[in-house]
Amino acid sequence: MMSSASSAEQLRDRLRSRGLRWTPQRRTLLVVLEAAQGHVTGAELVERCRAIDPATTPSTVYRTLDVLEDLGIVQHGHGADGREEFHVRPEQEHGHLHCAACGGTWEIDEREATTIVNSFREERGFEVDLSHVTVVGLCRECSSAGNQQPGSSA
Ligand SMILES: [Zn+2]
Ligand SMILES: [Zn+2]
Ligand SMILES: [Zn+2]
């Protein structure tokens, strides 16, 4: 976690080494990230930062997120609509299942993804980036409730 003073200092030094000044806006973003849970979109992060510091600009937030991702502190994937979603200090790489009917999301762990990852590697020499795997469909509850397959209606 990022709660100790020393890790905040470390982070400040690492941001500086990437050419980013340690500004109140960046500190605010770190406070917001520390409180975030699960998946949070860039727009939500901007909104939460602005609730603390109305002067926060989206460009500062996104640029800082880029560097934090390089440093391994956040990682982004994509929601069903393609929006970037951020994880704070992801414990392990994972993809996502997204139910088109109820909007639920679940994580696909590395073990579950082994078959698909290995198959693309062997068949195509393609290395799958699991954090960018988002599979849209119907969860068990929704499919047994007789919902239509996604795409079969519209
Ligand atoms: Zn991406
Ligand atoms: Zn569902
Ligand atoms: Zn996730």
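As the structure lists them, so they are numbered: ligands from 1, and atoms in each ligand from 1.
Angle NE2(His39) to the Zn ion (ligand 3) to NE2(His94): 160° [nearest 10 degrees]. Of the angles at the Zn ion (ligand 2), the one spanning SG of Cys99 and SG of Cys102 is 100° when given to 10°. The angle His96:NE2 - the Zn ion (ligand 3) - His87:NE2 amounts to 110°, with values rounded to 10 degrees. Put simply, the angle at the Zn ion (ligand 2) from SG in Cys142 to SG in Cys139 is close to 100°, to the nearest 10°.
When only modelled atom types and interatomic distance are considered, Arg83 and Thr41 share no side-chain donor-acceptor pair under 3.5 Å.
Scanning both residues, His39 and Glu44, for their nearest heavy atoms gives O-OE1, 4.3 Å.
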Q: Begin from the C-alpha positions of His96 and His78 and carry the test side-chain hydrogen bond (donor to acceptor under 3.5 Å, both in side chains) through to its verdict.
A: CA-CA 9 Å; His96 299 95; His78 296 268; over 6 Å; no
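Crowding of Arg18 atom CZ: a count of heavy atoms from other residues, nucleotides or ligands under 6.0 Å exceeding 12.
When the Zn ion (ligand 1) is compared with the N/O/S atoms of His132, atom NE2 turns out nearest.
In this pair, His76 and His132 present their aromatic rings perpendicular. The plane angle is above 60°, beyond the 30 to 60° band.
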